[in-house]
K.L.:
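Can you read through this structure? Questions will come right after.
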Amino acid sequence: MKFLLEILVLSLCALILIFKGRKRTAIYLISTFFIPDTFGTAHIILPLSYIISMYIRKELSEQIKQFPLRKISIAILIIYFLISIFDDRLSVIETFTRPIIYFIKTYLFLFVGFCLINNNRQRIYAFKVLLIILSIYAIYGIFTWIISRNPWYDGVAKIYLSGEGMWADVQERGYRVNSFLSNPIAYGLIMGIGSLSLWLFRKEHSKKINTIFLGIIIFNVLLSNSRTSIIAFGIGIILFLVLYLGISLKMISTFILLYIILFTLYINVESIQSMINPVIDMFITGGNNTQGSNVELKNDQLATSLLYFYDSPFFGHGINYFRENIQERYGMLSGLAGLEGYGYRILVELGVFMLIAFIIYIINFIRVTVSYYKQNKMIASILISQFIAFIFFIIATGDYGGVFEYCFIIIGLNLKWLISKSTSQLTDIKYKS
């Protein structure tokens with residue numbers, strides 16, 4: 001089965017190289033969202049194929065010029081190389097390959113998402129494809145919630161994990177939906193980030209079927225049964241309403257309406273109670289009464305992360321040091337649990353230069369988006385909301401489950417749309433699809 005998947009991925013990469021415009025974008029999105037994220041190599045060669053395709057068609061240099069975060073992205077890649085140079089665990093070849101692979105798996109995806117659309121027809125088509133993909137995710141997610149099993153996940157786990165995955169069974173909180181992805185916590189965030197983009201699309205194409213699918217997609221955020229995902233999605237909605245509507249009577253009325261709907265569902269639907277109670281517990285007790293991470297565990301991870309940071313502050317202990325060394329040696333007794341926070345990863349593995357670069361990256365992204373706020377208030381508001389929700393999530397929970405890949409592709413699409421629409425570049429003339 002692995003061999004067949006490998007052949008399929010190579011075929012999809014070939015199609016990405018052959019086609020251009022809307023077809024290339026559709027193939028890339030479908031490949032990325034439906035090839036199992038546990039098949040890590042596929043999610044490295046797919047974006048590389050897209051970049052090579054742009055290079056062949058002489059599109060790459062223009063895209064790089066347009067990309068507003070190119071300097072800080074290059075700086076992060078250089079820092080990854082420096083981290084690897086000072087990592088005495090690595091061979092000469094690994095010193096070169098590891099930073100490139102890690103960069104592809106993290107920050108490169110914002111650039112790839114940015115490159116997926118070059119004209120208005122491509123933009124509309126890309127969002128239609130995204131709507132179809134996330135709708136399939138959502139419908140299948142509801143199916144797995146009803147039967148409390150996920151045949152797709154079970155099959156992928158047998159292939160890549162040689163057994164049952166950790167999310168196969170009903171847990172203390174109930175069944176946690178992850179649909180076609182490998183992690184329900186990441187799934188909740190991705191569906192939340194995606195729904196914010198698709199709300200913009202629905203505003204343009206306000207068909208009833210689009211509204212219904214959007215509602216089903218949002219419902220899957222709750223079905224993921226992840227406190228962090230639900231809170232991140234809530235932060236995204238609140239930020240959008242504040243940025244777009246301002247503190248107005250309309251905004252206050254919207255909050256009241258949302259509260260009434262949610263409260264009505266909460267007191268009448270038992271399954272909704274089981275999803276919301278862990279979120280309430282997080283604020284009241286720090287998560288002590290719910291299975292999973294709590295404030296005490298987070299404090300322990302921070303204290304342990306700082307000890308590793310003091311031992312190697314500048315370039316950390318190296319990329320993947322937690323998984324390959326700490327977890328291998330100490331397991332769950334390391335004091336870092338599952339390294340559930342991107343900040344902990346920076347302290348342990350990447351060091352102070354990456355910490356500074358990460359902060360600059362956040363500032364630059366927000367600065368760029370705000371600079372276009374007056375030209376296109378709605379898209380800028382959504383984009384800032386998505387980005388802050390993403391940053392909150394990876395700081396609070398971690399960067400596992402493909403969150404960098406899926407969220408940055410979606411955010412990158414909106415970033416290109418914002419910049420191009422504001423500068424009148426997103427036309428049907430400049431690039432032909």
Side-chain angles (χ1 to χ4, degrees), residues 12-33 43 45-74 104 107-134 193-194 196-205 364-365 368-369 371-373 375-376 378-380 382-383 386-387 404-433:
L12 291 168
C13 288
L15 290 174
I16 289 169
L17 291 172
I18 292 168
F19 289 109
K20 60 181 180 178
R22 292 184 295 174
K23 289 183 180 179
R24 183 177 63 184
T25 296
I27 293 167
Y28 178 77
L29 286 173
I30 292 167
S31 304
T32 298
F33 278 87
H43 292 265
I45 62 175
L46 282 168
L48 282 179
S49 297
Y50 198 92
I51 288 172
I52 292 169
S53 177
M54 288 192 295
Y55 177 77
I56 291 170
R57 288 170 176 77
K58 299 183 175 13
E59 299 170 355
L60 185 59
S61 60
E62 180 63 25
Q63 295 284 10
I64 292 172
K65 287 177 185 176
Q66 291 182 31
F67 187 56
L69 297 172
R70 60 186 178 277
K71 291 181 181 178
I72 185 59
S73 297
I74 292 169
I104 293 170
Y107 294 91
L108 182 69
F109 285 112
L110 189 75
F111 176 68
V112 173
F114 182 86
C115 297
L116 288 178
I117 55 174
N118 292 317
N119 60 54
N120 202 45
R121 285 184 298 164
Q122 281 186 23
R123 195 263 309 171
I124 294 170
Y125 189 74
F127 278 100
K128 283 182 179 177
V129 172
L130 187 63
L131 175 62
I132 293 169
I133 290 170
L134 295 187
I193 295 289
L196 287 168
S197 283
L198 293 175
W199 182 85
L200 277 176
F201 181 74
R202 190 203 65 82
K203 290 284 287 183
E204 286 186 302
H205 306 274
N364 280 6
F365 186 98
V368 167
T369 308
S371 69
Y372 292 98
Y373 181 78
Q375 291 99 314
N376 209 304
M378 183 178 289
I379 302 174
I382 284 287
L383 196 52
Q386 288 176 316
F387 186 71
F404 261 104
E405 179 175 11
Y406 300 108
C407 291
F408 265 10
I409 286 172
I410 295 169
I411 292 171
L413 278 166
N414 282 341
L415 181 61
K416 175 56 119 356
W417 185 15
L418 173 68
I419 292 173
S420 300
K421 189 175 178 66
S422 299
T423 56
S424 302
Q425 291 175 2
L426 200 62
T427 66
D428 293 322
I429 299 172
K430 186 172 182 181
Y431 296 94
K432 292 185 179 179
S433 60

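Along the sequence shown, residues are numbered consecutively beginning with 1.
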K.L.:
Taking all non-hydrogen atoms of both residues into account, name the closest pair between Ile382 and Leu196 and its distance.
P.N.:
CD1-O, 3.6 Å
K.L.:
Supply the atom-to-atom distance Leu130 CG to Ile409 CD1, rounded to the nearest 0.5 angstrom.
P.N.:
9.5 Å
K.L.:
Got a sec, which residues hit side-chain contact (heavy atoms from CB on, under 4.5 Å) with Leu48, two or more places apart in sequence or on another chain?
P.N.:
Ile44, Ile104
K.L.:
Atom CG of Leu46 and atom OH of Tyr28: how far apart are they, to the nearest 0.5 Å?
P.N.:
6.5 Å
K.L.:
Between the main-chain N or O of Leu116 and the side-chain N or O of Thr25, is there a donor-acceptor pair closer than 3.5 Å?
P.N.:
yes
K.L.:
Which heavy atom of Phe201 sits nearest a heavy atom of Lys128, and at what distance?
P.N.:
CZ-CG, 3.4 Å
K.L.:
Give the minimum heavy-atom separation between Thr32 and His43, together with the two atoms involved.
P.N.:
O-CE1, 3.1 Å
K.L.:
Please round to the nearest 0.5 Å and tell me the distance separating atom CZ of Arg70 and atom NZ of Lys65.
P.N.:
9.5 Å
K.L.:
Among all residues two or more places apart in sequence or in another chain, which pass the side-chain contact (heavy atoms from CB on, under 4.5 Å) test with Phe365?
P.N.:
Leu69, Leu110, Thr369, Leu383, Phe387, Ile411, Leu415
K.L.:
Kindly indicate whether the side chain of Ser73, heavy atoms from C-beta on, has any atom under 4.5 Å from the side chain of Phe67.
P.N.:
yes
K.L.:
Can you check whether Trp199 reaches Met378 side chain to side chain, under 4.5 Å on heavy atoms?
P.N.:
yes
K.L.:
Could you measure the distance from the OG atom of Ser420 to the CD atom of Gln66? Nearest 0.5 Å is fine.
P.N.:
5.5 Å
K.L.:
Check the angle between the aromatic planes of Trp417 and Phe127 and answer parallel, tilted or perpendicular using the 30° and 60° thresholds.
P.N.:
tilted
K.L.:
Distance from Gln122 atom CD to Lys20 atom NZ, nearest 0.5 Å?
P.N.:
10.5 Å
K.L.:
What's the shortest heavy-atom distance between Asn414 and Gln386, and which atoms?
P.N.:
ND2-OE1, 2.8 Å
K.L.:
Counting the benzene-type ring for Trp, do Phe404 and Phe109 have ring centres under 6.0 Å apart?
P.N.:
no
K.L.:
If we ignore hydrogens and angles and just use 3.5 Å, is the side chain of Arg24 paired with the main-chain N or O of Tyr50 as donor and acceptor?
P.N.:
no
K.L.:
Are Ile74 and Lys71 close enough that some pair of their side-chain heavy atoms sits under 4.5 Å apart?
P.N.:
no
K.L.:
Report yes if some heavy atom in the side chain of Leu413 is under 4.5 Å from a heavy atom in the side chain of Ser197; otherwise report no.
P.N.:
no
K.L.:
What pair of heavy atoms forms the shortest contact from Arg121 to Arg22, and how long is it?
P.N.:
O-CD, 3.8 Å
K.L.:
Say you draw a straight line from CG of Leu15 to CD1 of Ile27; how long is it, rounded to the nearest 0.5 Å?
P.N.:
4.5 Å
K.L.:
Please confirm whether the backbone N or O of Ile45 pairs with a side-chain atom of Ser49, one donor and one acceptor, at under 3.5 Å?
P.N.:
yes
K.L.:
Taking the side chain as every heavy atom from C-beta outward, state whether Lys416 and Asn118 have any pair of such atoms under 4.5 Å apart.
P.N.:
yes
K.L.:
For Tyr55, give me all partners under side-chain contact (heavy atoms from CB on, under 4.5 Å), at least two apart in sequence or on another chain.
P.N.:
Leu60
K.L.:
Restricting to non-hydrogen atoms, name the atom on Ala26 and the atom on Val129 that form the minimum distance, rounded to 0.1 Å.
P.N.:
CB-CG2, 4.1 Å
